[in-house]
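The structure appears below as structure tokens.
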Amino acid sequence: MNSLNAEQLKNYNDYGFVAPIDVLSLEETAKIKKEIEYIEKNWPEELVGLGRNNLHYISPIFDQVCHNPKILDAVESIIGKDILVGGTTLFIKDPDNKGFVSWHQDAKYIGFEPYNWVTAWLAITDANEENGCMRMWPGSHKEKIKDHKDTYNENNLLTRGQTVKNVPIEKTTPNILKAGQLSLHHPMIVHGSGPNKSNQRRIGFVIQSYIGTNVDQVIGKVYVQQARGKDIYKFHEHTKRPVELMSKKDIELKNKANEELSKIFYNDAKKIGKF
Ligand SMILES: O=C(O)CCC(=O)C(=O)O
């Protein structure tokens, strides 16, 4: 078992995130990067906009990441042994791209309750201050849900540019990861990320999120995969895992899941953004 040790768990509980956790080898991250490039070359629209979500439904390589025992061992330490994959998002920042992620709390808009869930951010490339790694506000998960303003900024990689104001930058800390390393963050922690100022792509594959089977979706509908344990609650529709890349029925499932996700993300929003 690669469970979190006492110090890692204390970090998660005290600060709202834990990192870095070694998960994949460089060969494995290179294979994932190649898969992204292959999809982009052959299906140029597939990963654009809303399509960046739920790639694990159409690619066995991404599916296997979600079911990686090392990741699940760490996740189990936080949410217990009955684990569902509740969705994934690919966050790519191309070189010199102005894309950024404004300060936000995932719990504000994701709709999973109770908060027995955790977001796993896997670095497919190195993530550092130059290329726009996440910055976390340690301890902010202990406060309440903060007001978020929908900004719809063109370069904001969040759906509606939801933003927490007055974050004390000096209290935030960069979440620096090497390719193959993972961070786990709490639903309530305030976090964000700046633009990529390097000449290389920054890629994060985010399981957003791993949810305990006792977690409901209070805004809309979500499809799930059983990652570990049993689901006695049966709140959600379970799906099969892909066995080949881009099969017709898997693409249909991804599209259906993304339509539902869009309804959740834009619940009560004044307009729809580009993701
Ligand atoms: O990839 C990023 O820069 C931000 C991702 C994020 O906000 C998240 O995973 O919750």
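The structure displayed is predicted, hence computed values, not measured ones. First listed ligand is number 1; within each ligand, the first listed atom is number 1.
Relative ring orientation between H236 and F112 is described as perpendicular, the plane-to-plane angle rising above 60° on a 0-90° scale split at 30° and 60°.
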At less than 3.5 Å, what protein N or O atoms come close to the N or O atoms of ligand 1? Include the distances to 0.1 Å.
residue, atom, partner, partner atom, Å
ligand 1, 1 (O), W121, NE1, 2.9
ligand 1, 1 (O), R202, NH1, 3.4
ligand 1, 1 (O), R202, NH2, 2.8
ligand 1, 3 (O), S193, OG, 2.6
ligand 1, 3 (O), R202, NH1, 2.9
ligand 1, 3 (O), R202, NH2, 3.4
ligand 1, 7 (O), H104, NE2, 3.2
ligand 1, 7 (O), H191, NE2, 3.2
ligand 1, 10 (O), D106, OD1, 3.3
ligand 1, 10 (O), D106, OD2, 3.4
ligand 1, 10 (O), H185, NE2, 3.3
ligand 1, 10 (O), H191, NE2, 2.8
ligand 1, 10 (O), Q208, NE2, 3.1

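The side-chain hydrogen bond (donor to acceptor under 3.5 Å, both in side chains) check on H104 picks up D106, H191, with sequence neighbours excluded.
A pairwise comparison of heavy atoms in I110 and Q217 identifies O-NE2, 3.0 Å as the closest pair.
Counting only heavy atoms from C-beta outward, the side chains of L84 and V222 never approach each other to under 4.5 Å. At least one side-chain heavy atom of L245 sits under 4.5 Å from a side-chain heavy atom of E35.
Geometrically, K221 engages Y223 in a cation-pi contact defined by less than 6.0 Å to the ring centre and at most 45° from the axis.
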